[in-house]
Amino acid sequence: MLSNIKELFGDLDFFSKQVAEADLSTIMFEKYDFSKGYMAIDTIFTKCDQFLNLKEAFAAIFCKELHDMHEWDISTQHSPDDLQWIKAIKEIWIPENYLKFEGIQLEFVDVNNFIKKVEYDLESLNVTKTAANNFFMKITENPEVIRLKKGHVYDKFFCQNNDYYFIYEWGIYA
């Protein structure tokens with residue numbers, strides 16, 4: 001898993017093309033957003049069986065994040081062979097989201113520590129037991145966890161389990 005993600009960031013041309021080829025209108029995603037004050041958890045899940053491989057899934061989730069973050073309409077998604085779009089992904093969107101500041105940190109995370117962190121984060125946001133249980137049912141099926149970014153007030157993880165690929169993001173936003 002880690003080697004696949006490292007390969008994407010090691011070949012931004014390939015990664016950019018994978019993002020551009022993600023047809024969000026045909027991919028099902030589930031989002032969980034929890035917040036309290038300035039603190040928030042944002043998670044995007046997608047079923048594993050929608051993708052040929054992990055790289056394709058990671059690129060699709062990143063494309064979904066971009067569209068959600070910038071409130072872009074997926075019905076007017078760029079053509080997968082639009083060279084300006086591919087260039088923008090490579091030169092603007094990947095660096096802006098992963099490579100600036102401290103940059104990307106690709107490392108495996110102990111699953112038990114990740115689960116404890118998620119429990120703590122959900123409790124800190126006063127997430128209801130029902131919502132927390134529904135959330136945990138999705139993340140605890142033999143997960144593998146990679147840390148993508150870590151900061152003093154921000155963490156981002158990419159995970160894979162038996163059923164889902166997902167991004168888990170926690171942060172304090174002003």
**Request:** Check whether any side-chain heavy atom of F135 lies under 4.5 Å from a side-chain heavy atom of V127, and answer yes or no.
**Result:** no

**Request:** Assign the ring pair F158 / Y165 to parallel, tilted or perpendicular, where the plane angle (0 to 90°) is split at 30° and 60°.
**Result:** parallel

**Prompt:** Does Q18 reach the main-chain N or O of A59 with its side chain, forming a donor-acceptor pair under 3.5 Å?
**Reply:** no

**Item:** Heavy atoms of other groups near Y120 OH, more than 12 under 6.0 Å
**Value:** no

**Asked** What are the two closest non-hydrogen atoms of L24 and A60, and how far apart are they?
**Response** CD2-O, 3.8 Å

**Message:** Working to the nearest 0.5 angstrom, can you tell me the gap between F114 CZ and E144 CD?
**Reply:** 12.5 Å

**Request:** Consider only side-chain heavy atoms of I, L, V, M, F, W and Y, link residues closer than 4.5 Å, and tell whether Y38 and F34 are in one cluster.
**Result:** yes

**Prompt:** Under the side-chain contact (heavy atoms from CB on, under 4.5 Å) criterion, do F58 and I167 qualify, and how do the steps go?
**Reply:** CA-CA 9 Å; F58 185 84; I167 290 283; 4.3 Å; yes

**Message:** Less than 4.5 Å apart, side chain to side chain, heavy atoms only: is that true for I5 and L54?
**Reply:** yes

**Asked** Applying the 4.5 Å side-chain criterion to the ILVMFWY set and letting contacts propagate, would Y164 and W170 be lumped into a single cluster?
**Response** yes

**Asked** For the atom pair NZ (K6) and CE (M1), what is the distance rounded to the nearest 0.5 Å?
**Response** 12.5 Å

**Request:** Can you label the angle between the H70 ring and the W72 ring as parallel, tilted or perpendicular, going by 30° and 60°?
**Result:** parallel

**Asked** If you measure from CG on L148 to OH on Y154, what distance do you get to the nearest 0.5 Å?
**Response** 8.0 Å

**Item:** CD on E7 to CG on L106, rounded to 0.5 Å
**Value:** 11.5 Å

**Nearest atoms (heavy-atom pairs only) where I27 meets D23** = CG1-O, 3.4 Å

**Prompt:** Roughly how far apart are I86 CD1 and S79 OG, rounded to 0.5 Å?
**Reply:** 8.0 Å

**Request:** Heavy atoms only: give me the nearest Y173-A40 pair and the separation to one decimal.
**Result:** CE1-CB, 3.9 Å

**Request:** Please step through side-chain contact (heavy atoms from CB on, under 4.5 Å) for the pair Y168 and I139, ending with a clear verdict.
**Result:** CA-CA 10 Å; Y168 178 85; I139 71 169; over 6 Å; no

**Message:** N53: which residues meet the side-chain hydrogen bond (donor to acceptor under 3.5 Å, both in side chains) condition with it, sequence neighbours left out?
**Reply:** none

**Asked** Any chance the rings of F15 and F9 have centres within less than 6.0 Å?
**Response** yes

**Message:** Nearest 0.5 angstrom please: W93 CH2 to E65 CD, how far?
**Reply:** 12.5 Å

**Message:** For I146 versus V109, what's the shortest heavy-atom pair and its separation?
**Reply:** C-CG2, 4.3 Å

**Request:** Report yes or no: do I89 and L83 belong to one cluster of Ile/Leu/Val/Met/Phe/Trp/Tyr joined by side chain heavy-atom distances under 4.5 Å?
**Result:** no

**Prompt:** Is there a path from I92 to I94 through hydrophobic residues (I, L, V, M, F, W, Y) whose side chains come within less than 4.5 Å of each other?
**Reply:** yes

**Request:** Dump the intermediate steps for side-chain contact (heavy atoms from CB on, under 4.5 Å) on N97 and L66, then the final yes or no.
**Result:** CA-CA 9 Å; N97 287 276; L66 286 176; 3.6 Å; yes

**Asked** Between D13 and K17, does at least one N-O distance fall below 4.0 Å, as a salt bridge requires?
**Response** no

**Item:** Closest non-hydrogen atom pair between C48 and N162, with its separation
**Value:** SG-O, 4.5 Å

**Asked** Step by step, would you call F136 with L122 a side-chain contact (heavy atoms from CB on, under 4.5 Å)?
**Response** CA-CA 10 Å; F136 274 109; L122 292 172; 3.5 Å; yes

**Asked** Quick one: does Q50's side chain have a donor or acceptor within less than 3.5 Å of a partner on M28's backbone?
**Response** yes

**Item:** Ion pair check, E30 and K138, cut-off under 4.0 Å
**Value:** yes

**Asked** So does K31 pair up with D42, basic N to acidic O under 4.0 Å?
**Response** no

